[in-house]
There are 2 protein chains.
Amino acid sequence: MKILVVDDDRDLLELVAFALAQAGFGVVKAMDTRAALATFDAELPNLVILDINLPSGSGLDVCRAIRERSTVPVMMLTVRSEEEDLVKALEIGADDYLTKPFSPRTLLARVRALLRRAGLEAGDALAAGSLRLDLESHSLRIGDEASIRLTRLETRLMQLLIAQAGKVVSAERLLAHVWGQRGSGDRQLLKQLVHRLRQKIEPDPAAPRYLHTEPGVGYRLGAD
Amino acid sequence: MKILVVDDDRDLLELVAFALAQAGFGVVKAMDTRAALATFDAELPNLVILDINLPSGSGLDVCRAIRERSTVPVMMLTVRSEEEDLVKALEIGADDYLTKPFSPRTLLARVRALLRRAGLEAGDALAAGSLRLDLESHSLRIGDEASIRLTRLETRLMQLLIAQAGKVVSAERLLAHVWGQRGSGDRQLLKQLVHRLRQKIEPDPAAPRYLHTEPGVGYRLGAD
DNA sequence: CCGGACGGTTACAAAGTGGTTACGCCGCGC
DNA sequence: GCGCGGCGTAACCACTTTGTAACCGTCCGG
């Protein structure tokens, strides 16, 4: 279970991250809005904890941007004086909030409650149709077949496709997820990766059964 | 299982020591930084509980000194007002913390969690499949064969692999477990250790039967 | 028709990963 | 002091993964 924590106060960030890690959660960190969104795209966390006031633009903007691409639970951190912001945050789609200062114990209780509410408690088993992806071992299982070993990049590609199974995912978004900043605009990278992945997972790579092309848009994982 | 407790407050020290002894742990005590390090070297405890503010220099210094010579789990004791110190402690390499006041029950739960995480919980015998590892004597037994003597590092490696038998363990995690902070990022260290271990335990080191490589991820102990 | 955009494919180069050999340092018992 | 085991470091090799370029067909608007 992976949690993204966004806060510009390094001490608080580390403390929250540590408390979560202690409790067995995977943690990724970001200290400004740009890094927050980049990390979100790269890591696809199961939950986001977001300080409402960041120096580089508001945490509200980050929350809004996240809501445009995902329904992941979002928890906002606020200080008491920001109650109007809080209302806005909940309107935008934040799921819960915590008023500073708070104890790690409270934080954990709220996080668990959110995850339970989102029905995400059980592991990170990432699956769609007959496809099951194991992020730990970089392996993909199709139905009852022997599992296929994927490379690092192939795993990241499948991760986003499975998370969005059945929906078209734009080439731009896939590039950002797999390569981050660097791959931006480079269709050839994606073309190659898709080709190589199809060779591995498709019974007939020329007539894809799982990884479909949506001309002019991007790719889509067949819901089967 | 031996635990070192360091605190200048005699009452608290005795209370903690009593709770631990009650739960069946061996306890050694120290009341200042000098005694703490001397006792650590003399007793080589399996876990250290360390008050963060000692009159004779900070508990942080003690923690740092311990980290220079060992990856033993360290738990810090703090009061709520010392949160910056806490962040420093975690950076230095402390593994957990407890905010005073705390109940003996909480203390024990945390101590057990730490030991479990370090893979030190169940007696001294760890086993998986036909492999049995004796942490005391640093020896490994495969089925009914004569037991093989392992070095200190080889033992630590096997310890984590056996604890996670059948599952892939990332190179990063193995490095952290065997070398602590210092080994971070150094693949060559792990490469060598695995090589040497395979020479000792594998019938055919070129085609490993127990210690399998998971390319791009880490290693896995065959469930056999 | 022509030409360009686009996606798939082939080919090859560059970078990374893991296994192996070799060597040097250090602490320790003899 | 010497030899030795344990460990760190570097270098080499084979292989895999990833990046880059070029070529091919199809589709489509002029």
Side-chain angles (χ1 to χ4, degrees), chain A residues 137-140 148-158 161 168-172 174-175 177-220, chain B residues 41 68-71 137-140 148-158 161 168-175 177-220:
Chain A
S137 65
H138 289 185
S139 64
L140 179 75
I148 305 168
R149 268 193 352 95
L150 301 184
T151 70
R152 200 162 44 85
L153 297 189
E154 287 161 357
T155 306
R156 295 184 65 76
L157 185 67
M158 281 306 292
L161 285 172
V168 188
V169 186
S170 78
E172 226 12 84
L174 287 167
L175 279 166
H177 175 66
V178 178
W179 286 275
Q181 181 66 31
R182 127 174 229 306
S184 157
D186 191 340
R187 303 299 257 235
Q188 178 62 13
L189 282 173
L190 187 56
K191 222 201 293 187
Q192 264 303 329
L193 189 60
V194 167
H195 179 63
R196 282 162 177 159
L197 188 51
R198 278 182 177 152
Q199 296 296 320
K200 281 194 183 176
I201 70 172
E202 295 284 358
D204 176 8
R209 197 170 138 196
Y210 306 109
L211 210 176
H212 303 288
T213 303
E214 295 287 333
V217 191
Y219 295 89
R220 179 177 56 82
Chain B
D41 287 334
E68 274 168 19
R69 57 196 94 181
S70 164
T71 61
S137 65
H138 286 190
S139 63
L140 180 75
I148 305 168
R149 253 180 25 84
L150 302 184
T151 69
R152 195 166 48 85
L153 296 189
E154 286 161 358
T155 306
R156 292 187 64 77
L157 186 68
M158 281 306 293
L161 285 172
V168 188
V169 186
S170 76
E172 215 28 71
R173 175 127 181 255
L174 288 167
L175 278 166
H177 178 74
V178 177
W179 287 274
Q181 179 69 31
R182 126 174 228 306
S184 157
D186 192 339
R187 300 299 244 236
Q188 178 63 13
L189 282 172
L190 187 56
K191 221 202 291 190
Q192 265 304 326
L193 189 59
V194 167
H195 179 63
R196 283 163 175 156
L197 188 50
R198 277 183 177 151
Q199 296 298 321
K200 283 192 183 176
I201 69 172
E202 295 284 357
D204 175 8
R209 198 170 138 196
Y210 305 109
L211 210 176
H212 301 287
T213 303
E214 296 285 332
V217 189
Y219 294 90
R220 179 176 55 81

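Since the model is a prediction, treat every value here as computed from it, not as a measurement. We name chains A, B, ... by the order of the sequence lines, and we start the count at 1 in each one.
One can place CG of A:Leu190 at 11 Å from C1' of C:dG7, the figure rounded to the nearest angstrom. When rounded to the nearest whole Å, the span between CD of B:Glu202 and P of C:dG19 equals 11 Å. Between the CG atom of B:Leu175 and the P atom of D:dG8 there is a distance of 11 Å, given to the nearest Å. Rounded to whole Å, atom P of C:dG8 lies 13 Å from atom CG of A:Asp204. Here the C1' atom of nucleotide C:dG8 and the CG atom of A:Leu211 are 13 Å apart, to the nearest Å. Residue B:Leu157 contributes atom CG, which lies 15 Å from atom C1' of D:dG6 at whole-angstrom precision. Distance, B:Leu174 CG to C:dG18 P: 12 Å, rounded to whole Å.
Of the side-chain N and O atoms in A:His195, one or more sit less than 4.0 angstrom from OP1 or OP2 of C:dT9. Residue B:Tyr219 has a polar side-chain atom (N or O) positioned under 4.0 Å from OP1 or OP2 of C:dG19.
In this structure, A:Gln199 and B:Gly216 both approach DNA chain C, and ranking their closest nucleotides by distance from the 5' end singles out A:Gln199.
Closest approach of A:Ile148 to A:Lys200, counting heavy atoms only: CD1-O, 3.7 Å. In this structure, A:Glu202 and A:Tyr210 approach most closely via the heavy-atom pair OE2-N, 2.9 Å. Nearest heavy atom pair, residue B:Thr213 against residue B:Tyr219, reads OG1-CE2, 3.5 Å. Nearest heavy-atom pair across B:Leu175 and B:Asp186 is CD2-O, 3.4 Å.
A search for side-chain contact (heavy atoms from CB on, under 4.5 Å) contacts involving B:Val217 returns A:His138, B:Val168, B:Glu214, not counting sequence neighbours. Residues meeting the salt bridge (Lys or Arg N to Asp or Glu O under 4.0 Å) test with B:Lys191, sequence neighbours left out: none. In this structure A:Ser184 satisfies the side-chain contact (heavy atoms from CB on, under 4.5 Å) test together with A:Glu172, sequence neighbours excluded. Remark: A:Gln199 engages A:His195, A:Pro205 in a side-chain contact (heavy atoms from CB on, under 4.5 Å) (not counting sequence neighbours).
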Exercise for the section: Could you encode protein contacts along nucleotides 15-30 of chain D as a string, one character per nucleotide from 5' to 3', using B for base contact, S for sugar-phosphate-only contact and - for no contact, with a heavy-atom cut-off of under 4.0 Å? Expected result: --SBBBBB--------
Handout entry: Under 4.0 Å protein heavy-atom contact, by nucleotide of nucleotides 25-30 of chain C - B base, S sugar-phosphate only
Key = ------
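For A:Thr151 and A:Arg196, the side-chain atoms include no donor-acceptor pair closer than 3.5 Å.
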